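Everything on this sheet refers to the single structure shown next.
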Amino acid sequence: MIALVDCNNFYVSCERVFNPKLEDKPVGVMSNNDGCVVARSAEIKQLGVEMGMPAHQIDPHIRRQCILLSSNYALYGDMSRRVTDVLSQHTPHVDVYSIDESFLSFEGFESDSLEERCQVMRHQVRRDTGIPVSVGLSTSKTLAKIANHRAKKEPGFDGVAIMHPDSDDTRAFLEQLPVTEIWGVAGRSAVRLHTLGIENAWQLREASPQHLRKHFSVVMERIVWELRGVDCIHLDDMTQPKKQIMVSRSFGRLTNNKADLHEAIRVHTSRAGEKLRKQQGLAQAIMVFVRTNRFRDDLPSYNKSLVVPLPRPSDDSRELVRAAIAGLERIFKPGIMYQKCGVMLMDLCDHDNEQLGLLAEPVSDEKREKNEKLMATLDKLNREHGKNTVRLGMPRKVNSWELRCEHRTPRYTTRWDELACVKT
DNA sequence: TGGGCAGTT
DNA sequence: AACTGCC
């Protein structure tokens, strides 16, 4: 059996742990740059604030009743780790799927007592971390996801729902479940499934896997098997090293300032270098892109990207930055109001079996060791003292390009100076 | 009106 | 290099 453990309204729940005044209130957490609403309390859902809604599109009358917070990823990441720690006490097989979801395997466990076991686990997570979670149980990940939805929506389940793949109850539920509610099926696929006469999850389950593979891809074929209860989506590739590493951000406000883009590209590239070193990889090329706001038809639009090959495979932020800036110089167009820029490290290879190009100059062991030490020190400082404590290049006085996050709460659990104060 | 992938054209 | 799809 597989369990999907999903935190309820995760970001909002994290905020409530440290600020009980948010309990019973319509609370929302916004995405980066205070753009869209990405987490909602039950009360704000009641007011009709939809998932992914741009914050500025909320009716002002409704908005006044809501508490909208900027996202506090330092807090959510740390709370997520705490939840995972508790889950790990209940089974050795925990696959962290996202910041608020984990798949647990209960293979080899007594199946009669699984629901009870999950209730105990659920209560322990609540007690030890303050985060409410729901649990869906079945024999495949896709069905466990669906069971989890039911655990959240149908109060009778008390937070833990089990779905046996071949029961009448499962059939009845799948028959009324639109395909868009299935993990991996969204708008475009739904339209194409519709033309094949497939509207609900049961019809998809009964369709021929080969047929669907032909019309879609192996991904859709797997969904059919999964709906039949066959576990065939494997997540171990989650921990596999990434094939590309991307770092990009929107600017707090649009900018046409070349220095802003330079600084942003430097910071994003440094961050990408950190991620690359963490997975012990080397990049052979770096892509740099700039973009205008596609929703502003009143301004000229300009989207441009450029791949810059690196002289040799590298994980040295200084070499990466040099290449990225060279790329930026070639695609920067003056007089354009830019909304976003970023970099992507490409053609990643493993640190150990680095291959030198024909023209690449080998680096002496001594020099390489020095570079590695420098980068390791940089990473350590930034890890322990907060992002961007140490940066490459000249810092600027005003980071006019930096993100908007006007309503961020303290990083209660990861910063000594931002600990929650019980009484002053 | 977010960010980070993978995959296709 | 640009675009699509997904979460």
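On a predicted model such as this, the values are computed, not experimentally measured, just so you know. Proteins come first, then strands; the chains are lettered A, B, ... in the order of their sequence lines, and each starts at number 1.
Among the heavy atoms of the strands lying under 4.0 Å from A:Lys275 are primed sugar atoms or P, OP1, OP2 only; no base atom is included. Residue A:Gly184 is in sugar-phosphate contact alone, with no base atom involved, counting any heavy-atom pair closer than 4.0 Å across all strands shown. Here A:Ser71 lies out of heavy-atom contact (under 4.0 Å) with every strand. At the heavy-atom level, A:Val247 lies under 4.0 Å from the strands shown only through sugar-phosphate atoms.
Between the CZ atom of A:Arg271 and the P atom of B:dG3 there is a distance of 14 Å, given to the nearest Å. The CE atom of A:Met51 sits 11 Å away from the C1' atom of B:dG2 (whole-angstrom rounding). Note: CG (A:Leu69) to P (B:dG2) measures 19 Å, nearest angstrom. Taking atom CE on A:Met53 and atom P on B:dG2, their separation rounds to 15 Å, with Å as the unit.
A donor-acceptor pair under 3.5 Å is absent between the side-chain atoms of A:Ser189 and the main chain of A:Val185, judged by distance alone.
With sequence neighbours left out, the ring pair (Phe, Tyr, Trp, His ring centres under 6.0 Å) criterion links A:His56 to no other residue. Remark: A:His215 engages A:His211 in a ring pair (Phe, Tyr, Trp, His ring centres under 6.0 Å) (not counting sequence neighbours).
Mapping A:Met246 and A:Asn293 onto DNA chain B via the closest heavy atom, the residue that lands nearer the 5' end is A:Asn293.
Between B:dC5, C:dC7, B:dG3, one nucleotide has an atom nearer to the side chain of A:Asn32 than all others, and that is B:dG3. Of the candidate nucleotides C:dC7, C:dG5, B:dG2, B:dG2 has the atom lying nearest to any side-chain atom of A:Ser31. For A:Val307, whose side chain is taken as the heavy atoms from C-beta onward, the closest listed nucleotide among B:dT1, C:dA1, C:dC7 is C:dA1. Here the side chain of A:Arg249 is nearest to one of B:dG3, B:dT1, C:dG5, namely B:dG3.
Ring-plane geometry between A:Tyr412 and A:Phe18 is classed as parallel, the angle between the planes falling under 30 degrees on a 0 to 90 degree scale with a further cut at 60.
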List, with names and distances, any nitrogen or oxygen atoms from the protein found under 3.5 Å away from nitrogen or oxygen atoms belonging to nucleotides 2-4 of chain C.
from: C:dA2; atom 1: OP2; to: A:Ser305; atom 2: N; distance (Å): 3.4
from: C:dA2; atom 1: OP2; to: A:Ser305; atom 2: OG; distance (Å): 3.2

Provide a list of protein-nucleic acid N or O atom pairs under 3.5 angstrom, restricted to nucleotides 6-9 of chain B.
from: B:dA6; atom 1: OP1; to: A:Lys243; atom 2: N; distance (Å): 3.3

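Remark: A:Tyr76 OH to A:Met79 CE distance equals 11.0 Å, nearest 0.5 Å.
The phosphate of B:dG3 (OP1 or OP2) has a side-chain N or O of A:Ser250 nearer than 4.0 angstrom.
Between B:dT1 and C:dC7, the distance separating the two P atoms is 24 Å to the nearest Å.
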For residues 34-54 of chain A, dump all side-chain donor-acceptor pairs below 3.5 Å to protein atoms at least two apart in sequence or in another chain.
from: A:Asp34; atom 1: OD1; to: A:Ser70; atom 2: OG; distance (Å): 2.8
from: A:Asp34; atom 1: OD2; to: A:Ser70; atom 2: OG; distance (Å): 3.3
from: A:Asp34; atom 1: OD2; to: A:Glu406; atom 2: N; distance (Å): 3.2
from: A:Arg40; atom 1: NH1; to: A:Val49; atom 2: O; distance (Å): 2.8
from: A:Ser41; atom 1: OG; to: A:Lys25; atom 2: O; distance (Å): 3.1
from: A:Ser41; atom 1: OG; to: A:Val27; atom 2: N; distance (Å): 3.0
from: A:Ser41; atom 1: OG; to: A:Val27; atom 2: O; distance (Å): 3.4
from: A:Ser41; atom 1: OG; to: A:Glu43; atom 2: N; distance (Å): 3.4
from: A:Ser41; atom 1: OG; to: A:Glu43; atom 2: OE1; distance (Å): 3.0
from: A:Ser41; atom 1: OG; to: A:Ile44; atom 2: N; distance (Å): 3.3
from: A:Glu43; atom 1: OE1; to: A:Arg16; atom 2: NH2; distance (Å): 3.1
from: A:Lys45; atom 1: NZ; to: A:Asn9; atom 2: OD1; distance (Å): 3.2

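A cation-pi arrangement, defined by a distance under 6.0 Å to the six-membered ring centre and an angle within 45 degrees of its axis, is absent between A:Arg117 and A:Phe109.
Contacts between residues 339-348 of chain A and DNA chain B, defined by a heavy-atom separation below 4.0 Å, involve A:Gln339, A:Lys340, listed by number.
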